[in-house]
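So the structure is just underneath, and the comments pick up after that.
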Amino acid sequence: MSKYSHTNQLIHEKSPYLLQHAHNPVDWHPWGDAAFEKAKAENKPVLVSIGYATCHWCHVMERESFENEETARLLNEHFVSIKVDREERPDVDAIYMKSIQALGQNGGWPLNVFCTPEGKPFYGGTYFPPISRYNLPSFSDVLMRLNNIWHNEKDKVTKQTISLVEYLQKNNFQQQESALDNLHFEGENRTAKLYAEHYDHLNHGFQFQPQNKFPPSMGLCLLLRHYRRTGAAQSLIMVENTLKAMKHGGIYDQVGGGLCRYSTDYRWMIPHFEKMLYDNSLFVTALIETYQVTNKPEFAEFAQDVLVYMDRDMTSEEGAFYSAEDADSEGVEGKFYVWTPDELGSILDRKTLSAVTAYYNVTQNGNFEGKNNFYVTRSFSEVSNELGIPEPEFEDIIQKARATLLEVRSKRIRPLLDDKILTSWNGLMISAMAKVGRVLDQPERVAKAEKALNFIFAKLKTPDGKLLRRYRDGDARYDGYLFDYASMAVACLELYDATFDGKYVQLARELVETVQEKFASHHGPFYETAEDAEKLLIRQISGYDGVEPSGNSSMAMALLKLSALLTDPELEKLAERIFLGFELEVMDYGLNSSYMMQAFHLYLSGLKEVAVVAPRNHESSKAMLKTIQTGFFPNAVFAFAYEDELAEKAKHVPLLQGRKVVDGKATAYVCRRGTCLAPTNDIEEMVGMLGYEE
């Protein structure tokens, strides 16, 4: 006999989020034609409830409403209920999110939208409480009111659906009249100024939302480019201080490593404890690029600390990367991560306890519901001086304490691991890991990035070249979205930078060709979904860089790099069409386009094409290779080959064709759009050729 009183159709799904709801008394259906046909046949409205496995308020609403027998009765009697994992179906999520925003509500999850049997929305919201509070009606009151309107005031439903669908269509994408002359660095300058205006000089980071602070990693990478181009010290100061504030703050897991979703306060002290793959990927990229710019070892160490966490907790046996870890364990947010002084005293000796208490700001009353979430406000030297312990010894004490506490913590009941593997998010971590391996000369890191990429192409790519979105428990499903293709194309090109293996250029090329075939629009930018994908209310086009880069932003970056490596100006023109399509966004308010503006930076700065040919085992070759692999050159694309392999490598990377070693030393050819300067053996001269063009 089953231990569950209820089992619904979600039991056949693979999504951890959908499976969380498989034993609710609500008669949930997965997204699909069957549910909408049922609604049509029974003349019922549809509830589309959207969330994800590590969503705290999704858990709350499940406990309060979806596990409640009376609420389930109302839903089952009067509605057809559909559950959607937003990470599997970002297309569905985006449409219904825009719908409730059109109704004047803030977005968020859980997202609960009520629709006609044709999927047209007419009402919605995010979290609804079980009883009226927070100025929100109770969920049961909402259900009864909507049922009454559906049967007795159908004209209201019709009027609202017409209005919302018109809004979605009108606001999907508006073709802009633009010209290449309108594209210039003033947009980047304006964006850097906006970041400076919102900069928190006391706690660092940026004050964009009331109280909360989200990791601004893509914006920090843009500011690094602005600093490199202009020398504006403030841009670099904001980057360094913000990265250190996040790494030392409570938003970072001081014991186990890894960045949490966001801070609930401006001091970075108390996070929303869930950890997302995309946040950590982008954080690593910002850290390693800051190391490239500053040569300060702490940023490289920070990046490696995140990757140790990835290795330990977020990597599958096959080498791919999991999606997220929940904020909750045992139904309590943050329980896995926090400590009381008594707990610490039972684990650590007196000297170590004193060091941990001082360094991590432990207090008797705590800072989170009577317990302590660790955060750092003073350096090793400051605290060691206060305690009278030599700094090297103090640092050793802290590192050993961290290992001890991690071992103890690992015996606690862990938060849920969302172990589905998403193509685009894996692309982000592959890129970050490949870059760390390249910059720090860590072949083992590059190998892990390659292993993850090989998994994606083995398990999530069909024989006809189509990418799929999600893999879990042996099942690959859902057509890939634009960002899946674009993120993997960028990852391939990062692996080319790390290995100079031409196969990665060709893999990126194949992905881009598929995008051109399946995602092209007459507007210029690409659609989010392929032409043979499921038809929804609208076929969306977006350039918004939210918590992750948009598909169009990543495509612009991939197209520009490929255009240089393949010496194909038509690919650059495709990137130009993306920039022109989003000209107002990137020129007037780049805060929402921080990754697209990184691609824009590469384009505006002259897109230097650098081919390096070198004799094997020569000192000049080692020096030049180190320069191009460790230096920060956001306005250049590099190709490299040893002299004895040039003919073979040039077949895959046309930028290498026709090059040769000059004077028996490593030789660099610096070109722009096919026009090359005289070859040089001098590293400083090569770097000098990579200057900016306004």
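What's counted below: heavy atoms across the whole structure, side chains too, no hydrogens, waters or symmetry copies. Positions are given from 1, in the same order as the sequence printed here. Given the structure is predicted, the values throughout are model-derived calculations rather than measurements.
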Can you say whether the rings of Tyr195 and Phe208 are parallel (under 30°), tilted (30 to 60°) or perpendicular (over 60°)? perpendicular

Does the Glu289 side chain pair with the main chain of Val284, one donor and one acceptor, at a distance under 3.5 Å? no

Side chain proximity check, Asp419 to Pro16, heavy atoms < 4.5 angstrom: yes

Dump the intermediate steps for ring-ring contact (aromatic ring centres under 6.0 Å, His included) on Phe273 and Phe336, then the final yes or no. CA-CA 9 Å; Phe273 286 88; Phe336 181 73; over 10 Å; no

Which of parallel (below 30°), tilted (30 to 60°) and perpendicular (above 60°) describes Tyr52 and Trp109? perpendicular

Using modelled atom types and a 3.5 Å cut-off, is there a donor and acceptor pairing between side-chain atoms of Asn280 and backbone atoms of Leu259? yes

Only residue of Glu13, Glu534, Glu88 satisfying side-chain hydrogen bond (donor to acceptor under 3.5 Å, both in side chains) with Trp31 is Glu534

Would a distance-only check, ignoring hydrogens and angles, find a side-chain to backbone donor-acceptor pair under 3.5 Å from Arg312 to Gly256? yes

With Phe582 as partner, the option from Tyr544, Phe173, Tyr589 fulfilling ring pair (Phe, Tyr, Trp, His ring centres under 6.0 Å) is Phe173

Aromatic rings His204 and Tyr199: how do their planes relate, parallel, tilted or perpendicular, breaks at 30° and 60°? tilted

Mind listing the closest non-hydrogen atom pair of Met246 and Pro216 along with its distance? SD-CD, 3.8 Å

Rounded to the nearest 0.5 Å, the OG atom of Ser487 sits from the CG atom of Leu428 at a distance of 4.0 Å

Looking at Arg402 and Asp305, is there a salt bridge between them, counting it only when a charged N and a carboxylate O are closer than 4.0 Å? yes

Would you call the rings of Phe302 and His248 parallel, tilted or perpendicular if under 30° counts as parallel and over 60° as perpendicular? perpendicular

With distance as the sole test, does Asp479 use its side chain to make a donor-acceptor pair with the main-chain N or O of Ala533 at under 3.5 Å? no

Looking at Arg412 and Glu330, does any basic side-chain N land under 4.0 Å from a carboxylate oxygen? no

Glu87/Arg470 ion pair, N-O < 4.0 Å: no

Which label fits Tyr252 and Phe283: parallel for a plane angle under 30°, tilted from 30 to 60°, or perpendicular past 60°? tilted

Under 3.5 Å, is there a donor-acceptor pair between the side chain of Thr423 and the main chain of Leu468? yes

Regarding Asp91 and Arg469, does a basic nitrogen lie under 4.0 Å from an acidic carboxylate oxygen? no

Think Lys275 forms a cation-pi with Tyr309, using NZ or CZ under 6.0 Å from the six-ring centre and within 45 degrees of its axis? yes

Among Leu453, Asp484, Ile421, find the residue that satisfies the side-chain contact (heavy atoms from CB on, under 4.5 Å) test when tested with Asn426. Ile421

Any chance the side chains of Lys83 and Tyr17 put a donor and an acceptor closer than 3.5 Å? yes

Is Thr514 close to Lys466 at the side-chain level, that is, under 4.5 Å between some pair of heavy atoms? no

Enumerate the residue pairs fulfilling ring-ring contact (aromatic ring centres under 6.0 Å, His included) with a member in residues 470-494, sequence neighbours excluded, ordered by first and then second residue. Phe455-Tyr471, Tyr485-Phe519

Could you measure the distance from the CZ atom of Arg472 to the OH atom of Tyr322? Nearest 0.5 Å is fine. 9.5 Å

I'd like to know if the side chain of Ser521 reaches the main chain of Pro525, judged simply by a donor and an acceptor atom lying under 3.5 Å from each other, with no hydrogens or angles considered. yes

Identify the heavy atoms of Met557 and Ala599 that sit nearest to each other, and give their distance. CE-N, 3.6 Å

Can you tell whether the side chains of Lys448 and Glu444 come within less than 4.0 Å, N to carboxylate O? no

